[in-house]
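To start, the structure under review is shown below, and the notes come after it.
Only this structure's heavy atoms are used, side chains among them; waters, hydrogens and symmetry mates stay out. Residue numbers begin at 1 in each chain, while the letters A, B, ... track the order of the sequences.
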Amino acid sequence: MGYEPNIIEPKWRKVWNEAHLNEARDDSARPKYYCLDMFPYPSGSGLHVGHWRGYVLSDVFSRYKRLRGYEVLHPMGWDAFGLPAENDAIKKGIHPSVGTARNIANFKLQLEQMGAMFDWTREINTSSPEYYKFTQWIFLQLFDMGLAYRKEMPINWCPSCKTGLANEEVVDGACERCGAEVTKKNLNQWMLRITAYAERLLTDLETLEWPDKVKKMQANWIGKSEGARIRFAVKGDTDQQIEVFTTRPDTLYGATYMVLAPEHPLVEVITTVEQHAFVQKYVREALAKSALTRQMQDKSKTGQFTGAYAINPINDEALPIYIADYVLMDYGTGAIMAVPGHDERDFAFAVAYQLPIRRVIAEKGVAANVPLKEAYTGEGLLVHSAAFDGLSITEGKRAILAHLEASGRAEAVVSYKLRDWVFARQRYWGEPIPLIHCASCGTVPVPESDLPVLLPDVERYEPTGTGESPLAAMESFVQTTCPKCQGPARRETDTMPQWAGSCWYFLRFADPHNQEQLFSKEKVDHWLPVDMYIGGVEHAVLHLLYARFFTKVLYDRKVISFNEPFLRLFNQGMLTLNGAKMSKSKGNVVSPDELVERYGTDTVRLYELFVGPPEVDAEWNPRAIDGMARFLSRVYRLMEERTVHAVGRQHAERAVLKARHRLIKQVTERIESFRFNTVVSAFMEFVSVMNDQSGALDRETLEAFVICMSPLAPHLAEECWRMLGHKTSVFLAEWPVFDPSYLQEDEVEIVIQVNGKIKDRVTVAMDAPLDALLEQVKARELVDRALAGKAIVKPIYVPGKLLNLVVR
RNA sequence: GCCGGGGUGGCGGAAUGGCAGACGCUGCGGACUUAAAAUCCGCUGGGGGAAACCCCGUACGGGUUCAAGUCCCGUCCUCGGCACCA
C-alpha cells in the first residue's frame, strides 16, 4: 500500500471530530493548560506557510501537553474588524461582513487541513454583535472609571487611511498599516488613559516569562525616567513661571539658557514685542513640519530667541529663553533648562547660537576649568556649583533637589514616554463607541441593557477625510434619545480601533457563548491566564501592551482575578523566500495548500518544524521538504513491515532499548525547550537505528515511538497506533517515560589527545581507572609517535569522554 | 547615536568549555530496472599524501584554559527595535 497521506489524514480528522477529541472540557479533573495562538485577521489572500509556522508550533506543544496529562484549551477565532475588509468593500461595493465571512470560511478550511487540535466549538469573531456587545461593555467600564476621555488635540493622522492613529501605529513617521506619511490633525478624540497604568505595565513585566527582547521593547516604549520638575520665574513678570522636567537637577548650575517647545502656551505670553515677528514665523514653520521631517531629518538645531529671560532658582542668574523644535511639547513639560556642558543636544544648540557652555561636572583628575569640546555625560563630581561642589552626581541630584523643594520651587517626579491611547477611528468597520451626546446631559453612556450598539448598514463606507466617520452621515443611526433625560440626542459616530477586539478575546475563549456577560468569572479564572502565547514579534508593543492594559483594568474592576494575561510568550521567527518576508505584494508567498495536496499535512508540519530554530527567521527551501516526505514514508514502511511481528515480540535488543529511551529523553527535553528542529532530527536518527536492526521490533518500542511522534505528525501517528491494534486514539495514550539506566554505557570510546590535539581513540570500560588507561594508551602506535622524546607533565582525564596528555 | 540578536561546509542548520559540521537538502558514485522514476547503499569543509596519516578550518585580532564555535576584551559586518524623550 505505502504511505498515502491524502487518505489517512481526512480519515483521522473525521474520527477525532466525531469523538470530540479536540474540545477542552470545563469540568475536567486534569490540570488545565491554555495554549493560545495570536488569532489571525482573516485577509483575502489566505494563509501562507509563514503563518503556519506558529500554528504548528503551538499545536505540537498543545498535543504534547495533552499527552502529558493536561486538559488543554487550544482555541481559534477571528480578529475580524479592520481596514482591509472595509477597503475591499469600498472597492467592490459589497458589505465588509460579506467579504469577512468569505475569508473566514477560507481560513477555517486551511486551518482545519493543518490538522491542529483547535477547539472549534469555541470559535469567536470580534465583528459579530454577540462579541462586540462586550467590547462595548468594557468601553463603558473604562468610561465609568474615568479612563476614557475626550480631548481636542493634534493627533497622528493618516491621510491615506483617513483616520487618527495611536502613537504605537506610527512607525518611522509613517502609518504602520499603509506606509503613508503621518501628519498631525487637530481632532476631538476619545482617548484611553493607559498612562495611568504605566508604572504597573512596567513593573509587572518582571513577573512574565517572555523573551527579554519583548520585555525590553515594552519597557523602552513605556520609557520611565525619574527626575525633577523645577520652576523658573520669568524675569520681570512675577505671574509667569516656566516649569521644566529634568533628570539632571545636579547640573542646574550649568544651565545657560532655557528652551520652550514651539507649541508651548507660554510662548505667546512671554515673547517681547521686538522678537514677536521672528518667533511667530518660527512657530509657523515648526508646526508645518510633519512628524517625519521633524524627527527624521538631520539633528541640526534651529530655534529663536523670545527676548525674555528666566531666573535660575538656584542662583538667580538670568537665562535667555529660546523656542526650538528639538524640545517636544508632549514630553515632560514641553520646556527644558538647557545645560550645554552635559547634554549633547543642548551643546549643539549652544554652539549654533553662541550661547555659553559651562562645565559643572568633572571627571576625577580633570580640572574644573578645562573647557568642554563636547557635552560630557559621564560620571564625575560637581564643580562650579557653589556649596554643592565635590558631590557625586547622585548626591548632587538629591541635594539640589532637596534645596529647591524646601522653598517649594521643585519636586521629584517620574516621567514616562508612553502617551495616552488615541482610541477613536473615523472609519466604518469597527465597534461603535457606545456613547450618546446630549445637549443638556453631556456625554451619556449607552445603558448596558441597550448593548450592543449595532453597526448599521450604510450605503457608503468611504471615509470622509474630514475627521468624521461614515456613520456621521447616517441620520437614522445618529439621532437618538438621551438615556437620561429622554430628550433628543446624537450618537457618537467614531468607531474603535482594530486592537479593541483583541484586547480581551483570550478571555472570551473561556466562555465563548455567554449571552449575559462577557464571560463567567468562574470559567475565566479557571482557564486564564494563558500559559503559553505564541505569535509574531510584530505585536511586541502594540497588541501585547494594549491587552495587558485591558487585563489590568478588568482586574481593578474585579471582573477577573489575575492582572497579567499571558504568562509565557513565544515569538516564532518569520519565513522568508529569497531572503524577503513573504508577502502578497512581493509575490513571494508559498501557499501550504498545494504542498498539503502533494505531500500531505504531516509532511508540511514536519518541515515547518525542521526548517530551523523556531524563534529564528528561516529561509523556505522548496527542495528540503522532500526529505520530510521521504522520512515519513520510511516511518510508514518501518511500521508496516515490523508491526505484524511486533505484537508477539517480548524482548528488545539492547541497542533497540537504548535507542528507545534515548528517543524519549531527547524528544521530551527538546519539546519542553522548544527545540523542535532537533526533535525531528532525533526521530530520524531513531528510525535509522531501527532500520539497521534485523527482524522484528518489540511493541513497547514501537508504541513509545508512535506516541512521541504524534504531536508532530498526528495523522500518521494515529494510523500507526491503530496498526498496532489499538481501538482508541493515540491522543488518549500517556507520554512514555525514559529509564536512564538504559542510557548508561559499559564501554565507551574515548578520545586521546596530546596537548589538546586528537591523536587516537580507544574503547574502554566506562569507569576505567587512569593508571590502566595510561598503560593501554602508551602502547598505541599513534600515541607513542606523538609522545616521542617528550615527558608527560599532566594527564587530564574526563572519564567516558577523553584523555588529554599534556607533554613537554 | 542608543539598546538587543546574529556571523559555523555549496545550502538550512547541530554541538552541558571536552571528537566541529549531527540531521536534512544539493552534488557525485554505485545497486535494483529493458529503461526511467521511486527506493536502497556509499562519498560529499579546504589543502597535502600512493597510503598510513599530516596540516588548516566556526567573521577578524587578542586573551583565559590542559582544552574555546562555546568564556573575556577589542574590531568589522549584518539583522531587528528605539530614535532630539531633557
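Side-chain contact of A:Trp210 with A:Gln218: a donor-acceptor pair under 3.5 Å is absent, judged by distance alone. Side-chain polar atoms of A:Trp221 and A:Glu168 form a donor-acceptor pair below 3.5 angstrom. Residues A:Thr763 and A:Glu749 have side chains that never bring a donor and an acceptor to within less than 3.5 angstrom of each other. One side chain, A:Asp346 or A:Tyr326, offers a donor N or O that lies under 3.5 Å from an acceptor on the other.
Residue-to-nucleotide contacts include a donor-acceptor pair under 3.5 Å from the side chain of A:Lys301 to the base of B:C84.
Note: CG (A:Asp212) to C1' (B:G5) measures 11 Å, nearest angstrom. The CG atom of A:Asn804 sits 12 Å away from the C1' atom of B:C19 (whole-angstrom rounding). In this structure, CD of A:Gln218 is placed 21 Å from P of B:G80, rounded to the nearest angstrom. A straight line from CG of A:Leu712 to C1' of B:G24 spans 15 Å, rounded to a whole angstrom. For the pair A:Glu168 CD and B:C82 P, the computed distance is 11 Å after rounding to whole Å. Residue A:Lys213 contributes atom NZ, which lies 12 Å from atom P of B:G4 at whole-angstrom precision. Look at CG on A:Leu252: it is 17 Å from P on B:A86, rounded to the nearest Å. We find that CZ of A:Phe245 is positioned 6 Å from P of B:A86, with the value rounded to whole Å.
Between the side chain of A:Arg548 and the backbone N or O of A:Leu201, at least one donor-acceptor pair lies under 3.5 Å. Using modelled atom types, no side-chain atom of A:Asn677 and backbone atom of A:Leu609 make a donor-acceptor pair closer than 3.5 Å.
Counting any heavy atom pair closer than 4.0 Å across all strands shown, A:Ser633 reaches no nucleic acid atom. At the heavy-atom level, A:Met337 lies nowhere under 4.0 Å from the strands shown. Nucleic acid contact class of A:Asn677 (heavy atoms, under 4.0 Å, all strands): sugar-phosphate only. Counting non-hydrogen atoms under 4.0 angstrom, A:Asn621 reaches the backbone sugars and phosphates but no base. A:Glu344 comes within contact range of no nucleotide atom at all, as no heavy-atom separation falls under 4.0 Å. Within the nucleic acid shown, A:Pro613 comes within 4.0 Å of sugar-phosphate atoms alone, with no base atom in reach, counting heavy atoms only.
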Protein heavy-atom contacts under 4.0 Å, written 5' to 3' over nucleotides 36-58 of chain B as B (base), S (sugar-phosphate only) or - (none), form the string ---SS------------S--S--

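Taking the side chain of A:Arg675 as heavy atoms from C-beta on, and the options B:C19, B:C23, B:A15, the nearest nucleotide is B:A15. Nearest to the side chain of A:Ile796, among B:A86, B:G18, B:A22, sits B:G18. The A:Arg623 side chain lies nearest to B:C25 when the options are B:G80, B:C23, B:C25. Of the candidates B:G18, B:G12, B:G81, B:G18 carries the atom nearest the A:Gln753 side chain, counting heavy atoms from C-beta on. When distances run from any side-chain atom of A:Trp221 to the nucleotides B:A14, B:C82, B:A86, the shortest one goes to B:C82. Counting only heavy atoms from C-beta on, A:Glu749 has its side chain closest to B:C19 among B:A86, B:C19, B:G12. Among the nucleotides B:U16, B:C25, B:G4, the one closest to any side-chain atom of A:Lys801 is B:U16.
In B:G24 the O4'-C1'-N dihedral to the base is more than 90° from 0, which defines an anti nucleotide.
A salt bridge does not link A:Glu226 to A:Lys397: none of the charged nitrogens lies less than 4.0 Å from a carboxylate oxygen. Between A:Glu411 and A:Arg231, at least one side-chain N (NZ, or NE/NH1/NH2) sits under 4.0 Å from a carboxylate O, which counts as a salt bridge.
A centroid separation of less than 6.0 Å is found between the aromatic rings of A:Phe349 and A:Tyr322.
Annotation: side chain to side chain contact (heavy atoms under 4.5 Å, CB included) contacts of A:Ala198 (sequence neighbours excluded): A:Ile222, A:Tyr416, A:Leu418.
Annotation: B:C73 and B:G80 have their C1' atoms spaced 25 Å apart (nearest Å). Only the C1' atoms considered, B:A15 is 12 Å distant from B:C23, to the nearest whole Å. When the P atom is compared between B:C3 and B:U8, the two are found 25 Å apart, to the nearest whole Å. Nucleotides B:C77 and B:G24, compared at atom P, are 38 Å apart to the nearest Å. Separating the P atom of B:G7 from that of B:G69 is a span of 14 Å, rounded to the nearest Å. If you take atom C1' in B:G74 and the same atom in B:C25, they sit 38 Å apart, rounded to whole Å. Going from the P atom of B:G10 to that of B:A59 covers 14 Å, rounded to whole Å. Straight-line distance between the P atoms of B:C11 and B:G27: roughly 15 Å, to the nearest whole Å.
Here A:Ser688 does not reach the OP1 or OP2 of B:C23: none of its side-chain N or O atoms lies under 4.0 Å away.
Between A:Leu404 and A:Leu252, some side-chain heavy-atom pair lies under the 4.5 Å cut-off.
Take the nearest nucleotide of RNA chain B for A:Lys224 and for A:Arg670: the residue whose nucleotide is more 5' is A:Arg670. Comparing A:Val751 and A:Lys216, the nucleotide of RNA chain B nearest to each residue sits closer to the 5' end for A:Lys216.
In RNA chain B, consecutive stretches of 3 or more Watson-Crick or G-U wobble pairs with both distances under 3.5 Å are given as paired ranges: B:1-7 with B:76-82, B:10-12 with B:23-25, B:27-31 with B:39-43, B:45-48 with B:53-56, B:59-63 with B:71-75.
Between A:Tyr331 and A:Phe245, the ring planes are perpendicular. Angles over 60° get that label, and only those under 30° would be called parallel.
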